[in-house]
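Scroll down for the structure; my scribbles are underneath it.
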Amino acid sequence: MEKLTVFKRAFSDLFRIGKTYYVLFFIQSLARYSLPFIGYIYMTQIVDALTRNDMTRIPSLIVQYLGILLVLQLISGWIDPLVTHEDSLFLKTLFAEPNKKMLTMHYHHAESSEVREELDIINRNMMSSQSSLPMINVRIKEMMPGLVSITWGLILLSPLFSVNTNLFPEGFWWMHPGVIISLFLILIVISVRIQISSSKKSGELLKALLAELKESNARFFYEDGILQDFKSGKEMRLYDLTEKMIENKKAESNYTGKLLSENYKRFRAMMIPTTGLFQVMTYLTYAYIGVLVLIGALPVALIIQLSSALSQMVSALPDVIQHGMMLISSPGELEQYYAFMDLPDEEVVGSLPVEKRLDNDYNFAVKNMSFSYPGSDETVLKNITERFEVGKKYAIVGENGSGKTTFIKLLTRLYEPSEGTIKMNRIDAHKYDLREYFNLFGVVFQDYHLVGFSLGQNVSVKPYFDREKVLSTLDKVGLGDVVRNFPNQEDTYLGTEFEESGISVSGGQEQKLAIARSLYKDSPVMILDEPTAALDPLTEFEIYQNFDNLVKDKTAFYISHRLSSSKFCDEILVFDKGEIVQRGTHKELVDQEGKYRELWNAQAQYYQ
Ligand code: ADP
């Protein structure tokens with residue numbers, strides 16, 4: 001992407017997300033930074049009245065001035081808290097953008113470790129880079145007072161155009177304000193151009209500097225993560241790592257701070273010629289205004305307005321230019337941000353509504369389905385053709401890496417088959433509305449995620465929930481009485497992130513909670529992917545015993561590498577290197593030669 005296009009997009013994104021904030025901030029800046037200029041205007045008017053001996057005008061001028069002052073101050077007082085509030089809201093939304101994108105992008109991107117690494121880098125850049133959206137926002141904020149001053153300066157300098165040029169002595173045509181202002185504009189343009197070219201060099205330096213800081217930054221945030229992560233607390237204490245970590249972090253941040261402040265000094269040093277040039281221009285302009293007044297081409301009183309406007313403008317200019325420079329000399333991290341934000345979203349293919357059936361009669365048929373992960377040559381699933389009957393319990397077994405989880409990802413439409421089809425009730429699954437299709441499944445993945453909210457909220461995945469239903473679901477997984485005995489029952493918090501009285505539960509209980517969550521959803525199809533991995537043998541047995549009761553008349557898929565669990569299912573599908581090599585009941589399969597018996601015998605020795 002062209003740099004200019006990237007900037008345009010960044011600005012339009014900022015204004016889209018922070019529209020209210022920017023409008024309020026603009027009004028606030030206008031009210032705040034206009035004050036001195038209003039003062040100059042009225043002072044000029046008052047001095048003008050004094051020089052003309054027109055005393056009657058003075059009281060009304062003073063009243064007007066005080067009136068405007070009061071209004072501006074009232075506006076500031078009213079708007080300040082609004083701006084603070086909108087600012088924090090705006091920043092929160094801004095920082096959440098890449099994480100939100102992670103949830104909408106196509107699942108195969110979200111699952112890729114490179115994309116997740118990129119998200120980490122982008123999130124870090126959001127906080128530390130010169131060219132992230134929050135940093136551009138900072139530049140806009142810092143440029144605003146200067147921009148208001150320059151605008152006012154130009155307005156207040158406008159009387160220069162009304163000088164009486166007939167009073168200029170013979171041969172002094174060049175004293176015409178048009179000529180002088182054009183000359184100044186040319187000087188400003190030249191100095192800005194010089195500035196831009198030297199800032200390009202400095203941009204390169206900044207890029208090199210940031211590359212140097214990348215590793216140190218990454219380490220800083222990584223260590224920060226460890227320090228913040230409660231789970232690492234045990235090791236940190238036992239191995240006495242805390243002090244060392246804090247020392248490291250201090251060293252990293254000193255190092256980063258030093259390099260950045262050196263860079264900032266370099267920027268300031270680059271501004272010296274421009275600032276010097278502006279100073280010289282200011283003195284020349286004072287002299288010019290003085291001469292105009294002396295020859296009578298301008299009223300004396302205007303000296304105040306013109307010279308104050310000029311000095312304010314000239315002191316604001318270098319600042320605006322400097323922030324502008326820092327903005328455009330920023331390295332290419334915005335490109336990286338937008339490459340991430342432009343990753344394709346989950347395609348909204350399919351619009352067919354899923355029929356609501358009380359009898360749960362949803363059947364699935366897979367035909368000649370093959371699959372490779374995007375960007376990989378390995379065929380993970382090979383030519384699978386199977387039918388699944390409503391209400392049956394299927395065990396999916398096979399060695400690690402044989403394709404069991406991938407099969408579930410395809411069945412639930414997290415991925416599309418590379419070849420072949422999946423049909424639901426005889427219609428291609430991809431014709432259904434994706435959200436409605438997702439609702440057909442209650443899934444517990446191996447890497448399920450519970451959050452630091454209340455147990456009821458974890459089970460229902462809603463802020464407000466049906467208490468009876470939560471407790472009866474917890475009963476099903478054998479946690480009902482445990483939760484009833486907690487002081488706050490289903491309102492008890494998981495972990496202490498948000499609530500001091502929060503509890504921590506065992507790995508097995510967590511897994512049961514995750515199962516309860518999928519049951520609460522009450523979807524027609526239940527999928528449990530290695531649900532018992534963290535459970536002790538007794539709890540595992542309890543869940544199997546209860547399995548029929550848990551899933552009732554739902555269709556269920558039960559992935560496990562512990563074959564003892566498959567005995568509880570109606571049918572077993574045996575995966576081997578991406579193929580389904582056997583299908584049948586436990587009894588049928590142990591009685592025949594094949595993969596299942598091989599796996600069963602291998603595991604049976606552990607159970608004896
Ligand atoms: P199982 O569930 O039987 O252990 P998986 O379905 O998880 O097996 O994995 C099957 C194969 O696909 C493995 O070779 C694994 O490395 C590969 N695989 C799994 N997930 C991804 C992914 N997101 N990208 C690329 N390859 C993957």
Side-chain angles (χ1 to χ4, degrees), residues 101-120 340 343-347 364 366 368-386 388 393-420 422 429 438 441-449 511 514-515 518 525-535 540 556-566 569 571-583 589 594-600 602-603 606:
K101 173 71 194 181
M102 202 70 185
L103 294 176
T104 59
M105 69 174 61
H106 200 289
Y107 187 72
H108 82 257
H109 290 303
E111 204 183 39
S112 125
S113 54
E114 286 114 62
V115 173
R116 274 181 286 169
E117 242 167 64
E118 218 161 283
L119 175 72
D120 265 358
F340 175 85
L343 286 172
D345 274 341
E346 200 91 67
E347 287 158 61
F364 295 84
V366 174
N368 302 121
M369 181 172 83
S370 297
F371 179 72
S372 305
Y373 278 97
S376 153
D377 298 334
E378 188 194 348
T379 312
V380 176
L381 293 177
K382 293 167 203 151
N383 200 24
I384 292 181
T385 300
E386 295 291 340
F388 301 101
K393 324 267 167 281
Y394 295 96
I396 297 183
V397 303
E399 286 166 23
N400 271 345
S402 56
K404 304 184 294 292
T405 304
T406 308
F407 176 75
I408 295 302
K409 288 186 202 160
L410 285 162
L411 193 68
T412 51
R413 276 181 67 189
L414 286 172
Y415 283 94
E416 286 176 34
S418 316
E419 280 169 42
I422 300 174
F438 278 165
F441 302 94
V443 191
V444 184
F445 281 112
Q446 269 168 297
D447 49 359
Y448 63 85
H449 197 78
Q511 207 137 16
I515 297 175
S518 69
V525 184
M526 280 288 291
I527 300 176
L528 308 185
D529 187 353
E530 300 269 14
T532 54
L535 301 186
E540 185 182 350
F557 293 89
Y558 198 97
I559 305 183
S560 178
H561 63 267
R562 283 192 222 177
L563 297 195
S564 49
S565 60
S566 49
C569 296
E571 268 199 287
I572 301 163
L573 302 158
V574 186
F575 275 67
D576 188 26
K577 301 185 186 72
E579 287 177 277
I580 297 183
V581 288
Q582 284 178 296
R583 176 172 175 163
L589 295 182
K595 191 78 193 169
Y596 187 79
R597 189 148 83 180
E598 193 185 303
L599 292 168
W600 178 259
Q603 290 191 3
Y606 298 111

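Just so it is clear, the model here is predicted, and its values are computed rather than measured. Just follow the structure's listing: the first ligand is 1, and inside any ligand the first atom is 1. All heavy atoms count here, side chains included; hydrogens, waters and symmetry mates do not.
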Is it the case that more than 12 heavy atoms not belonging to Lys577 sit under 6.0 Å from its NZ atom? no
For Asp345, which of His106, His109, Lys101 qualifies under side-chain hydrogen bond (donor to acceptor under 3.5 Å, both in side chains)? Lys101
Using distance only, find each side-chain donor-acceptor pair of residues 394-403 under 3.5 Å and give its atom names and separation, not counting sequence neighbours.
unit_1: Tyr394; atom_1: OH; unit_2: Glu389; atom_2: N; d: 2.6
unit_1: Glu399; atom_1: OE2; unit_2: Lys595; atom_2: NZ; d: 2.9
unit_1: Ser402; atom_1: OG; unit_2: Glu399; atom_2: O; d: 2.6

For a side-chain contact (heavy atoms from CB on, under 4.5 Å) with Ile559, tell me which candidate from Val444, Leu573, Asp529 qualifies. Asp529
Can you tell if the side chain of Lys409 reaches within under 4.5 Å of the side chain of Thr405, non-hydrogen atoms only? yes
I'd like to check Glu571 versus Phe388 (side-chain heavy atoms, cut-off strictly below 4.5 Å). Are they in contact? no
Between ligand 1 and [X], can you find any atom pair, the residue atom being a heavy atom, that is separated by under 4.0 Å?
| X | value |
| --- | --- |
| Gly398 | no |
| Gly401 | yes |
| Glu399 | yes |

Does the protein put a heavy atom less than 4.0 Å from atom 22 (C) of ligand 1? yes
Within the structure, does at least one protein heavy atom fall under 4.0 Å of atom 16 (O) of ligand 1? no
Looking only at protein heavy atoms, which one is nearest to [atom], and how far off is it?
| atom | result |
| --- | --- |
| atom 7 (O) of ligand 1 | Thr405 CB, 3.8 Å |
| atom 5 (P) of ligand 1 | Thr406 OG1, 3.5 Å |
| atom 11 (C) of ligand 1 | Val380 CG1, 3.5 Å |
| atom 18 (N) of ligand 1 | Tyr373 CE1, 3.3 Å |

Under 4.0 Å from a heavy atom of Gly403: give me the atoms of ligand 1 that qualify, with their elements. 1 (P), 3 (O), 6 (O), 8 (O), 10 (C)
Within 4.0 Å of some non-hydrogen atom of Lys404, the atoms of ligand 1 are 1 (P), 2 (O), 3 (O), 4 (O), 6 (O), 8 (O)
For ligand 1, does Glu378 get within less than 4.0 Å through its side chain, its backbone, both, or neither, judged by non-hydrogen atoms? side chain
Would Tyr373 and Thr406 count as having a side-chain donor-acceptor pair, cut-off 3.5 Å? yes
Parallel, tilted or perpendicular, as decided by the 30° and 60° cut-offs, for the rings of Trp600 and Tyr596: parallel
